Each structure stands twice: as structure tokens, then as C-alpha cells.
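Input: a single structure, listed below in C-alpha cells.
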Amino acid sequence: MSANLTDTRISSPFSWRGDSFPPITDSETPEHLKQISDLGIPSIFDIHTHFFPETIMKLIWRWFDNVNWAIGYRLPEIERVKRLHHNGIKDFTTLNYAHKKNMAASLNDWTFANYKNWDGAIPFGTFYPEDGVLQYVKRAVEDYKFLGFKLHCEVSKLNLNDPELTDCFLYLEKKEIPIVIHTGTAPLPGEFTGIQFFKPFIQSYPKLHVIVAHMGAHEISDYASLLGDYPNLALDTTMVFVDFLATGKADDVDAVVPLLETYQNQIYFGSDFPNIPYNLNHPISKLLGLPISDKAKQKILYQNAKNRFFK
């Protein structure tokens with residue numbers, strides 16, 4: 001779709017690469033399906049997809065509307081799952097997060113009550129610094145059998161070094177349960193985002209399985225520099241190698257492409273579905289078109305996540 005006045009994305013405060021926008025809705029046959037088949041990739045594993053109760057999701061969409069972050073996947077959950085499958089994504093996470101106290105446990109309960117209706121869903125929980133947090137984290141792991149957790153340092157105003165979370169991190173480290181953490185400063189910085197908060201955190205829990213969302217943008221190189229010292233640390237590609245430049249300037253994004261080859265065992269594909277201002281073909285095709293090896297593409301789009309969650 002070319003930029004024109006009927007497309008609200010033209011008024012977004014976030015920049016775009018080039019002078020046209022990718023389609024916002026799916027094509028009948030996404031072009032990347034043949035590409036992944038030719039690479040021997042049986043399906044795509046998306047480590048970064050969101051599922052919230054409807055009332056909360058609508059509030060999130062309202063925020064995006066205010067910055068002209070157009071979203072084409074405003075569909076009921078079951079229909080959104082069909083869109084994932086349509087794009088070759090057979091496995092995906094149920095990421096959500098709390099932005100205040102007395103919210104996380106109920107989000108976990110809601111996820112547990114619903115995720116089995118979403119074919120391919122990998123159940124993730126969340127938590128927040130508050131009384132009883134360790135108890136409901138244990139319930140999510142031991143009773144609900146959740147396979148991961150999500151934290152959002154910007155929206156939740158969450159300091160990873162809060163001592164109230166120490167026992168949770170030690171427990172998850174022992175259980176080898178991964179956490180997807182939005183700790184970077186993109187698209188907007190927060191009180192506790194940035195490498196200066198993340199470094200002391202990962203130093204305190206060096207064996208914790210952590211997946212840094214958005215590759216830590218806008219500080220991708222700083223987060224990547226930690227990968228060699230922390231083998232359980234990983235990054236996800238969510239909204240990085242796309243034409244929507246909410247996670248960095250075009251030159252900065254292009255400069256970190258070689259990291260995908262160097263650290264191919266510690267990179268996961270993520271989309272941020274459904275809250276994306278383009279269709280799912282766009283981030284997948286853009287990654288497939290990068291100058292990295294077929295082996296790296298296979299690992300990032302499927303194998304690394306498969307090894308992590310389907311041992």
C-alpha cells in the first residue's frame with residue numbers, strides 16, 4: 001500500500017523506511033510460505049505474540065490508535081490464531097503483563113483458562129513486585145504447567161533489581177523457566193528500562209534463561225555484547241528488521257544484522273502479533289531476505305525455540 005492520506009500510518013510519530021507501507025492485511029497465500037519450505041523449515045515458532053482479556057486488549061489498541069500505529073488484526077482470539085496458522089506460525093506464546101499490583105495473578109488464571117482453545121499456544125505467565133508473588137508464580141509453573149513468563153519494564157514501571165522479585169528469579173533460574181523481558185528503551189524509554197538496569201540483573205542471576213525482547217533496542221549492541229558471557233541469555237527479533245522504525249534508525253538496524261549470524265543459537269523470531277502496523281508476511285519475509293546463512297534463518301525462525309520448549 002502506498003502512503004496516502006487514507007492510511008493513518010502516514011501520521012505516525014514513528015518513522016518508516018522508504019516511501020510506501022507494507023500491506024496491513026494478509027494475502028491469500030503469504031509469499032514466505034514457499035521460502036520457509038524451500039529452507040526445510042516445517043513451520044515458524046513466534047516467541048513474541050500477545051493474548052490479553054478483551055477489555056485490556058481494547059485499551060492497548062486505543063493507546064496505539066493515539067499514535068496512529070494502525071493494527072489490522074483486531075479480531076477475536078480464535079480468528080487471530082487462524083491468522084497465525086495462515087502465515088505458517090504453528091507455535092506461539094501467550095504473552096501478557098501487569099501494569100499495577102493485584103493484576104498479574106488474575107492474568108495467569110485467565111491465560112490458563114483459555115490457552116488450550118488456541119491451537120499451538122505455549123502458555124506464558126507474568127508477575128509483579130507485590131505480596132504473594134512467589135506463590136502465584138509457583139502455581140503457574142507447578143499447577144498450570146506454564147513454560148515461560150513475560151515482564152515489561154516500561155509499561156509496568158518495573159525495576160528488575162527490585163528485591164521483592166529476588167525469590168521469583170531464583171526459583172525460575174532453578175526451574176530453567178525462560179522469561180521474555182521488554183527491558184530496552186524502544187519504542188519509548190521508561191523509568192527502569194535500559195542496559196544500566198539489565199546488567200546488574202543478569203549478573204545477579206547468570207544462569208537464568210532470559211530472552212530480551214526487541215533485541216534490547218535502542219541498545220542492541222550493548223545487549224548482544226553480553227551473549228558470550230551468558231549462554232542462557234537470548235534476544236528476539238521483534239519489530240527490529242522491518243520497515244517500521246520504532247526500534248531504531250535504518251542505519252542502526254542494518255548495522256546489527258551480522259549479529260544474527262554470530263549469535264544464531266541465541267536469537268529467536270518474534271513478531272509482536274497482533275499489535276503490528278503491517279501483516280505477518282512483512283517481518284518474516286524481511287528476515288528471510290537478510291544476508292545471513294540459511295542455517296541461521298532455520299535456527300531463528302524455528303529450531304532454537306523448538307529446542308527450548310520441546311526438549
Side-chain angles (χ1 to χ4, degrees), residues 35-36 39-41 44-49 91-93 95 122 148 150-151 153 160 173 176-186 193-242 245-272 283-311:
Q35 293 174 275
I36 64 171
L39 285 173
I41 300 173
I44 296 169
F45 196 125
D46 192 336
I47 198 70
H48 198 129
T49 60
D91 302 289
F92 51 91
T93 54
L95 305 188
I122 307 299
K150 169 65 188 291
L151 297 176
C153 297
L160 293 171
E173 187 176 49
E176 299 185 339
I177 300 290
I179 314 175
V180 174
I181 306 179
H182 183 131
T183 169
T185 57
T193 59
I195 195 71
Q196 72 271 26
F197 291 99
F198 186 78
K199 262 191 175 180
F201 162 73
I202 200 65
Q203 288 167 352
S204 297
Y205 312 100
K207 295 182 180 180
L208 188 62
H209 289 264
V210 174
I211 301 167
V212 175
H214 311 284
M215 295 184 73
H218 295 105
E219 301 168 292
I220 294 175
S221 295
D222 292 329
Y223 283 90
S225 71
L226 300 173
L227 293 174
D229 293 328
Y230 299 95
N232 290 339
L233 179 63
L235 313 177
D236 80 32
T237 65
T238 304
M239 298 198 81
V240 177
F241 305 102
V242 293
L245 301 175
T247 58
K249 298 178 181 178
D251 289 347
D252 294 338
V253 171
D254 293 343
V256 301
V257 169
L259 296 174
L260 300 180
E261 190 72 42
T262 303
Y263 299 106
Q264 60 187 262
N265 295 321
Q266 291 168 272
I267 308 288
Y268 295 84
F269 170 76
S271 70
D272 229 349
I284 299 169
S285 291
K286 293 290 286 189
L287 193 147
L288 287 167
L290 293 176
I292 58 176
S293 67
D294 290 351
K295 185 177 180 182
K297 293 172 185 177
Q298 291 163 353
K299 289 181 178 180
I300 292 167
L301 285 165
Y302 176 71
Q303 197 65 48
N304 290 341
K306 179 180 182 293
N307 293 346
R308 160 59 28 207
F309 294 99
F310 300 126
K311 293 180 179 178

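Computed from a predicted structure; not experimentally measured.
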Exercise for the section: With rounding to the nearest 0.5 Å, note down the distance linking CG in Leu151 to CD1 in Ile179. Expected result: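 Atom-to-atom, Leu151:CG and Ile179:CD1 are 5.5 Å apart.
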Close side-chain approach of [X] to [Y], heavy-atom, < 4.5 Å:
| X | Y | answer |
| --- | --- | --- |
| Leu260 | Thr237 | yes |
| Ile300 | Ile292 | yes |
| Leu235 | Tyr263 | no |
| His218 | Lys249 | no |
| Ile122 | Phe45 | yes |
| Thr93 | Val180 | no |
| His48 | His214 | yes |
| Val242 | Thr247 | no |

Handout entry: Residue pairs fulfilling salt bridge (Lys or Arg N to Asp or Glu O under 4.0 Å) with at least one residue in residues 210-231, sequence neighbours excluded
Key =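 Passing the test, one end in residues 210-231: no pairs.
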Examine distances only and state if a side-chain atom of [X] and a backbone atom of [Y] form a donor-acceptor pair shorter than 3.5 Å.
| X | Y | answer |
| --- | --- | --- |
| Glu176 | His209 | no |
| Gln264 | Glu261 | yes |
| Asp236 | Phe269 | no |
| Asn304 | Ile267 | yes |
| His182 | Cys153 | no |

Practice task
Could you list the residues that satisfy salt bridge (charged side-chain N to carboxylate O under 4.0 Å, His left out) with Asp254, not counting sequence neighbours?
Solution key: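 If we apply the salt bridge (charged side-chain N to carboxylate O under 4.0 Å, His left out) test to Asp254, skipping adjacent residues, the hits are Arg17.
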Contacts table for residues 198-208: side-chain donor-acceptor under 3.5 angstrom, sequence neighbours left out:
| unit_1 | atom_1 | unit_2 | atom_2 | d |
| --- | --- | --- | --- | --- |
| Ser204 | OG | Pro200 | O | 2.8 |
| Tyr205 | OH | Thr166 | OG1 | 3.4 |

Practice task
For the residue pair Asn307 and Gln303, confirm or rule out a side-chain donor-acceptor distance under 3.5 Å.
Solution key: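 Checked: Asn307/Gln303 side chains pair up, N/O donor to acceptor below 3.5 Å.
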